[in-house]
Number of protein chains: 2
Amino acid sequence: MATLAGVSTGTASKALNGRGTLRPETRLRVQQAAEQLGFVANAAARSLHSGRTYTVGMITTDSIGRFSIPLMIGAEDALGAGQMSVFLCDARDDPIREQYYVRTLLSRKVDGIIVTGRRTQARAPIGEDLPVPVVYAFISSSDPQDCSVVPDEADGARRAIQHLLAIGRRRIVHVTGPEHHYSATVRAAAAEETLTAEGLEPASRTLYGEWSEAWGRQAAGILLSTGADIDAVFCGSDQIARGVAEGLREAGREIPRDVALVGFDNWDVMVQGSRPALTSIDMDLEGIGRTAAELLLAAVNGEPVHGQRAHPCRLVPRASTAVPADSGRRT
Amino acid sequence: MATLAGVSTGTASKALNGRGTLRPETRLRVQQAAEQLGFVANAAARSLHSGRTYTVGMITTDSIGRFSIPLMIGAEDALGAGQMSVFLCDARDDPIREQYYVRTLLSRKVDGIIVTGRRTQARAPIGEDLPVPVVYAFISSSDPQDCSVVPDEADGARRAIQHLLAIGRRRIVHVTGPEHHYSATVRAAAAEETLTAEGLEPASRTLYGEWSEAWGRQAAGILLSTGADIDAVFCGSDQIARGVAEGLREAGREIPRDVALVGFDNWDVMVQGSRPALTSIDMDLEGIGRTAAELLLAAVNGEPVHGQRAHPCRLVPRASTAVPADSGRRT
DNA sequence: AGCGTCGGGGCAATCGTTTTCCTGATTTTC
DNA sequence: GAAAATCAGGAAAACGATTGCCCCGACGCT
């Protein structure tokens, strides 16, 4: 103990925490002794006394995946700045495992819990009357009283369409994932509404399929074979967009001259790997994670926020919608 | 306290933990009371007494990325089974932040630390004479006494070449990442050695570039323009392989009939998105994470393992090296 | 010079759980 | 029937740090 190198345990505590009235010289002596011995206060003992653990639990309901990671990074970022640590729990879509983790986190007396997942669709709350605040990030809780931070997917779709309109496209079609998938329907509805609001209508009905490149290629084939007159495709994901790009390119269509393309997710390997580089909608997952963490901290400090918060999307323009010098409209 | 619903704190503890000699009826009564009140023992108080926290810290030196995630999942898997929780720390390649996290973890009295990163190259130990065991996963420590679990990349390269040889290819070339990158040179050396051991030599010198699809396409162009007679390409990453595949296909070469292709990483979106689907080397990152966690647990239990452990790779065959019924060798 | 005040720092209670020791009570044994 | 053995469960110390309280010495004031 640092006391050996100085005075008494109580005094040492005061010295290291800046409490009590001590002579500067004594304080310094204790600090140096602690430094020398590599002394670090035992967090367990400290939290036992204070009731705070400066720890939050993070439960990913689905496995840790492409969406949960930026969320985690964002949250970890905001929490780390507040000197808090993160307990990582991967529930793997298993309710039993999830409940087990909730109990574990409560036993560890975390100050709060962040729940994330792979889908934006609402889910049942992880527990009722939990003794600590809970914030849902990316996914939302089906209880409207719970605090959720979700991407504004409709906003994203709107931005995509408006961008295409802004570069002069009018014959726009939407290709996306499965019709039973919440995100697909929300984005499709918003895209259609945006067109309608401009007095336009889709160049073809929305094509629903899978979240894959293969479906994108297939969709391109469908569009070409029906002979629809299109000059832009808004895709529900970057993977689909990449598939569409390949399909169109191989049929001799040039992007963006003949057909402009916007994806969704702004997934680096996809937008960069695509030819040409893909304009895409970024949901700012890191920002969502950060916001969720900040709301959690607020709740821990006694200022809980209820209800759902929609986080705006951002359009990242790249070559697939670049307007060439000569106007960008095919003749 | 559960005591209110039963007897005394000491007795309650015994009842819930199966210690001491209690009447079954008393034990049951306490358990039911605990159940009813939703009582969970305070982990801080418990660890204060036992000295164990049943918690390990996981530090990713680089940001959480494509490689760290499977490692984390694997580790979390093995540790979760042992009732342990994981503290996640993202040091973001910042030594200051890293040291800060080490101190935090020590203050929380974790039972051990797992260090992971994005590169396999050896790195300086995270600390000296730490009071808890440390295991390095994927990356290795420059101190040979430290316990590290790394992928056997040479083994992976060997398997790739042997697979190509097994399907009858003889004119093989290697396309990989930057020459200054440890993984690139290790894999290239092993690939070359394997060929030499078979009395063959590379169909062209190894092409070093970037870890990107664009480089893959470019490399395909180089191979075609030099007119090298090749019937297989082993690539240092799936992204490069995908680029090579595109480049070759657009030049009219058919895969695998004309040229067989093997990638590295077995990254789902790349191997599936590639046309045809890509045969690839899987480093079994999850397995590495699991092994690291198991070794850490062993060390925690007083059976430390020193030195570096190489984890074998696995070849996952797909269409890009599929042998057609008529032999697989172009005429 | 004596008393009051203030600054510095020690003492001990406290947090919640585990565990050892110990005490009654009951049962067994001769 | 008495001594010994067994059993159930309570009392209290311990884990490590924090913190309110109190004590002691020095200084200042009248």
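What you are looking at is a predicted structure, and each value in this text was computed from that prediction instead of being measured.
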Between the protein and nucleotides 23-27 of chain D, which nitrogen or oxygen pairs come in under 3.5 angstrom?
none

Residues within residues 105-113 of chain B bordering DNA chain D, heavy-atom distance below 4.0 Å: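 Correct list: empty, so none.
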Output every pair passing salt bridge (Lys or Arg N to Asp or Glu O under 4.0 Å) with a member in residues 289-309 of chain A, not counting sequence neighbours, ordered by first then second residue.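 Matches after skipping sequence neighbours: A:Asp77-A:Arg290, A:Glu286-A:Arg290.
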Going by salt bridge (Lys or Arg N to Asp or Glu O under 4.0 Å), name the pairs with one or both residues in residues 63-75 of chain A, residues two or more places apart or in two chains.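 Only A:Arg66-A:Asp265 qualify under salt bridge (Lys or Arg N to Asp or Glu O under 4.0 Å).
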Are there any protein N/O atoms within less than 3.5 Å of an N/O atom in nucleotides 18-24 of chain C, and if so, which ones and at what distance?
{"residue": "C:dT18", "atom": "OP1", "partner": "B:Asn17", "partner atom": "ND2", "Å": "3.2"}
{"residue": "C:dT18", "atom": "OP1", "partner": "B:Arg46", "partner atom": "NE", "Å": "3.0"}
{"residue": "C:dT18", "atom": "OP1", "partner": "B:Arg46", "partner atom": "NH2", "Å": "2.8"}
{"residue": "C:dT18", "atom": "OP2", "partner": "B:Ser13", "partner atom": "OG", "Å": "2.7"}
{"residue": "C:dT18", "atom": "OP2", "partner": "B:Asn17", "partner atom": "ND2", "Å": "3.1"}
{"residue": "C:dT18", "atom": "O5'", "partner": "B:Ser13", "partner atom": "OG", "Å": "3.4"}
{"residue": "C:dT18", "atom": "O2", "partner": "B:His49", "partner atom": "NE2", "Å": "3.2"}
{"residue": "C:dT19", "atom": "OP2", "partner": "B:Arg19", "partner atom": "NH1", "Å": "2.7"}
{"residue": "C:dT20", "atom": "O4", "partner": "B:Lys14", "partner atom": "NZ", "Å": "3.4"}

Show every donor-acceptor pair shorter than 3.5 Å between a side-chain atom in residues 12-22 of chain B and any protein atom, with sequence neighbours excluded, or say none if there are none.
{"residue": "B:Ser13", "atom": "OG", "partner": "B:Asn17", "partner atom": "ND2", "Å": "3.4"}
{"residue": "B:Asn17", "atom": "ND2", "partner": "B:Ser13", "partner atom": "O", "Å": "2.8"}

Distance-only donor-acceptor hits, side chain of residues 118-139 of chain B, under 3.5 Å, sequence neighbours excluded:
{"residue": "B:Thr120", "atom": "OG1", "partner": "B:Glu153", "partner atom": "OE2", "Å": "2.9"}
{"residue": "B:Thr120", "atom": "OG1", "partner": "B:Ser183", "partner atom": "OG", "Å": "3.0"}
{"residue": "B:Arg123", "atom": "NH1", "partner": "B:Glu98", "partner atom": "OE1", "Å": "3.3"}
{"residue": "B:Arg123", "atom": "NH1", "partner": "B:Glu98", "partner atom": "OE2", "Å": "3.3"}
{"residue": "B:Arg123", "atom": "NH2", "partner": "B:Glu98", "partner atom": "OE2", "Å": "2.7"}
{"residue": "B:Tyr136", "atom": "OH", "partner": "B:Ile126", "partner atom": "N", "Å": "3.0"}

Listing request: all ring-ring contact (aromatic ring centres under 6.0 Å, His included) pairs with a residue in residues 7-31 of chain A, at least two apart in sequence or in separate chains.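 Qualifying pairs: none.
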Pairs in or reaching into residues 88-116 of chain A: which pass ring-ring contact (aromatic ring centres under 6.0 Å, His included), with residues at least two apart or in two chains?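 Counting only pairs at least two positions apart or across chains, no ring-ring contact (aromatic ring centres under 6.0 Å, His included) contact touches residues 88-116 of chain A.
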Going by the rule ring-ring contact (aromatic ring centres under 6.0 Å, His included), which residues pair with A:His311 if we only count those two or more places apart in sequence or in a different chain?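 By the ring-ring contact (aromatic ring centres under 6.0 Å, His included) rule, A:His311 matches no residue at all.
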Listed partners of A:Phe87 passing ring-ring contact (aromatic ring centres under 6.0 Å, His included), at least two apart: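 Listed in chain order: B:Phe87.
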Got a sec, which residues hit salt bridge (charged side-chain N to carboxylate O under 4.0 Å, His left out) with A:Arg52, two or more places apart in sequence or on another chain?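 If we apply the salt bridge (charged side-chain N to carboxylate O under 4.0 Å, His left out) test to A:Arg52, skipping adjacent residues, the hits are A:Asp111.
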With a 4.0 Å cut-off on heavy atoms, is A:Ser47 in touch with a base, just the backbone sugar-phosphate, or nothing at all?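 The answer is nothing, as A:Ser47 stays clear of every strand by at least 4.0 Å.
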